[in-house]
Colleague: 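Here you go, one structure.
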Amino acid sequence: MIRLFEQHFVREQKELDGMWSYVREDGAEYTLPVPGCIEQHPELLTYRGKGTYYKKVFIKEKTNVRLEFKGVSHTADVYFDNEFLVHHYNAFTGFSGIVEGVEPGEHEIKVCVDNSFSEASALHVPNDYYTYGGIMRPVVMEQIGNVYIKNVHFTPDKSEGIWNGKIEVEVENVSDKDIPVEVRIELARTEMTEMFHAGARSCGQVTFQVKCENAEEWNTDSPRLYLLHTNLLLDGKIVDDYIDRVGFRTISMTKQRLLINGKPVFLKGFNRHEDYGTIGSAIPLQVMVQDMDLMQETGANAVRTCHYPNDERFLDLCDERGMMVWEENHARGLSLEQMCNPNFDRQCRDCIDEMISQHYNHPAIVIWGILNECDSTSETGREKYKNQYEQIKRLDSSRPTTSATCKHFQDICLDLLDIVSFNMYSGWYQDVPVKDRHEQEMDWIAQTGGAGKPVIVSEFGAAAMYGYRDRGRCKWSEERQADIIRENLEVYREDERITGVFIWQFADCKVTEEEWFFSRARCHNNKGVVDEYRRPKEAFDVVKQLFPQMNGKEK
Ligand code: ADA
């Protein structure tokens, strides 16, 4: 399953999940499940390097074949019958390629995958999460005609009490001939049609402005969703279709609050890495649902996709459950030197392009984030932050931007974003009272370019080893973690200046052994309120008790 709803009734689509051949660079041969991480195999537990996946596919009749990969970690070179098709860097965004005029019969897909660390990889680096290897998200094979629907974006708005929306349909013509087509959309019982001249070998856009008087809004209590149907007709016959799922909601801000449909919200949630026990980042739907159930059991209404774009099935789940999402591009704790890697700017730009292009329609996504704890203290770093914020605004002016900083008292980028966010570990890394340090931080923010903007405490928490109990409540015990999280939540519960908090973190996750991360016990980041197998620690019940008391009502 690649989405939680059918995306096509007309377009032929086949998911290529199942067993693929895998040949490690040294020639060792395996059969591995896709989606999956290579590390789940006992002989590949710590393998970091190159390997090649192979899959035979059968095509019934002559067609154009479109292959879509939802996530390959971390660099992929795809071949079809040994002809190069597409290259992609970054595990956390999808990519596709089209093979024209494929004859009927058996064909072979080859994917060369590399998860090694080198200068070629500016974003996947040794870090406080693990870069697994493999085809970790679903793969889809589609049959398309010479003209097909490449993408559809929906931007909702409300004027004079009536819901309306802009629908932008991207149509691609992969043939050498101009093709006149009819584009038809249907949303919330509103139907519209436009003629479109699809020029040979080109991509074009058809824009619709729809009024949906009977539409019900999407919000966290009543996350109403609608299927947006788009069809392409040639001589009155539907030749392609594209179904997406959207919600009617608006996002705005006051000085202290994020507003959904004009109503203030208080985001209370978790930072969640895509990582589970021995299967790594190839998270199956079952675990996504279990994570969602556990987070909602605590009263959470938000999740931050630290520190990269997430699997669309999880975002679909957030849409369905009314779980607000802060989604961010792929970057964690990169130094100025790492940000000056010659590949950094392009790899960030591509990640932002793909994240917004692919996830634009999810109503649950209410904030775009960038560059977690990267260098925001130098002019060079600032220029990079500025460029990325501007890129986001060009692609999507409907959502606010932010970036979680840890450059306390030194950050020079708070004027560039819409929402100020900071990570703070009072009680864990700094043995200081949470309240005192929080006031210091808020006082500092009020003197920066972040003054007068909503504020989110984007990370706070402590580590605990699952099952380690200590009556003295010493560090690393479940009791101590619970105490520190309680102290933080009780401070933020009383602060009407903030519009949200995200606990670091939902579940324990694996980290790389290089650099300072080797000091992590078990080579895991152990700050989850559940462990990597989703077994709740004592802190889980503290969150469950206190989240419901945090409504952020302006007093
Ligand atoms: C930082 C970082 C997180 C994690 C956390 C920690 O705030 O953003 O990814 O590394 O620290 O556990 O120390």
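First listed ligand is number 1; within each ligand, the first listed atom is number 1. The residues of the chain are indexed from 1 along the displayed sequence. Please read these numbers as outputs of a predicted model, since none were measured by experiment.
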Colleague: Taking the six-membered ring for Trp, are F460 and F502 ring centroids under 6.0 Å apart?
Modeller: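 Between F502 and F460, which both carry aromatic rings, the centre distance is not below 6.0 Å.
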Colleague: Taking the side chain from R249 and the backbone from P363, do they hold a donor-acceptor pair closer than 3.5 Å?
Modeller: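 Side chain of R249 to backbone of P363: a pair is present.
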Colleague: State which residue, out of K393, K386, R394, fulfils the side-chain hydrogen bond (donor to acceptor under 3.5 Å, both in side chains) condition with E390.
Modeller: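 That would be K386; it is the only one of K393, K386, R394 passing the side-chain hydrogen bond (donor to acceptor under 3.5 Å, both in side chains) with E390.
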Colleague: If the criterion is any heavy atom closer than 4.0 Å to an atom of ligand 1, which residues make the list?
Modeller: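 Lining ligand 1: D128, H307, R332, N372, E373, N423, Y425, Y429, E459, W504, R520, N525, K527.
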Colleague: Check I356 against L395 and note the closest heavy-atom contact, atom names and distance.
Modeller: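 Closest heavy-atom pair between I356 and L395: CG2-CB, 3.8 Å.
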Colleague: If you look only at distance, which donor and acceptor atoms sit under 3.5 Å apart when one is on a side chain in residues 87-95 and the other is two or more places apart or in another chain?
Modeller:
| residue | atom | partner | partner atom | Å |
| --- | --- | --- | --- | --- |
| H87 | ND1 | D77 | OD1 | 2.8 |
| H88 | ND1 | N90 | O | 3.4 |
| H88 | NE2 | T93 | OG1 | 3.4 |
| H88 | NE2 | E354 | OE1 | 2.9 |
| H88 | NE2 | E354 | OE2 | 3.2 |
| Y89 | OH | S121 | OG | 2.6 |
| Y89 | OH | A122 | N | 3.4 |
| Y89 | OH | L123 | N | 3.0 |
| Y89 | OH | H124 | N | 2.9 |
| N90 | OD1 | F92 | N | 3.4 |
| N90 | OD1 | H124 | NE2 | 3.4 |
| N90 | OD1 | H330 | ND1 | 3.2 |
| T93 | OG1 | E354 | OE1 | 2.6 |

Colleague: H273 pairs by ring-ring contact (aromatic ring centres under 6.0 Å, His included) with which of Y130, F314, F506, W504?
Modeller: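 Only one of Y130, F314, F506, W504 forms a ring-ring contact (aromatic ring centres under 6.0 Å, His included) with H273, namely W504.
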